Amino acid sequence: TLRSLGHDHAVTSLAFSNDGTLLACGSDTTVTVWHVQTGTVKATCKGHHGKVMCVAFGSDTLLASGSTDKGVRTWDAATGASLA
């Protein structure tokens with residue numbers, strides 16, 4: 001399960017990349033990007049001040065997330081770097 005892979009809080013949102021190789025999970029104030037085949041963490045996206053409620057891929061490396069802080073952020077899913 002995702003909890004056994006490192007999530008301490010409930011997972012509130014999930015999204016697969018377009019090619020199906022990555023899984024983004026919103027949990028608490030972070031988004032974790034997992035490599036589906038290996039089960040390893042590819043990136044951790046930090047920057048929200050509220051609970052992450054939605055995640056969506058725009059491309060295989062562009063990820064967007066929205067949280068209860070009323071913010072929408074975009075991320076590089078390969079590195080976890082904030083883009084906006």
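None of these values were measured; they are calculated from a predicted model.
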When the side chains of residues 41-51 are checked against the rest of the protein, which donor-acceptor pairs come out under 3.5 Å, sequence neighbours left out?
| unit_1 | atom_1 | unit_2 | atom_2 | d |
| --- | --- | --- | --- | --- |
| His48 | ND1 | Ser67 | OG | 3.0 |
| His48 | NE2 | Ser65 | OG | 2.7 |

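Other cluster members for Leu83: Leu62, joined by side-chain heavy-atom distances under 4.5 Å among Ile, Leu, Val, Met, Phe, Trp and Tyr.
When all heavy atoms of Ser59 and Asn18 are compared, the pair lying nearest together is CA-ND2, 3.5 Å. The two residues Thr12 and Ser27 come nearest to each other via the heavy atoms OG1-N, 4.3 Å. For Val11 against Cys25, the heavy-atom pair with the smallest separation is CG1-CB, 4.1 Å.
Shown here are the side-chain hydrogen bond (donor to acceptor under 3.5 Å, both in side chains) partners of Thr38, two or more places apart in sequence or in another chain: His35, Thr40. Residues passing the side chain to side chain contact (heavy atoms under 4.5 Å, CB included) test with Ser17, sequence neighbours excluded: Asp19, Thr21, Leu22, Phe57, Asp60. Residues meeting the side-chain hydrogen bond (donor to acceptor under 3.5 Å, both in side chains) test with Ser82, sequence neighbours left out: Arg73. With sequence neighbours excluded, the residues that form a side chain to side chain contact (heavy atoms under 4.5 Å, CB included) with Val36 are Phe16, Leu23.
A heavy-atom distance below 4.5 Å is found between the side chains of Val31 and Leu63.
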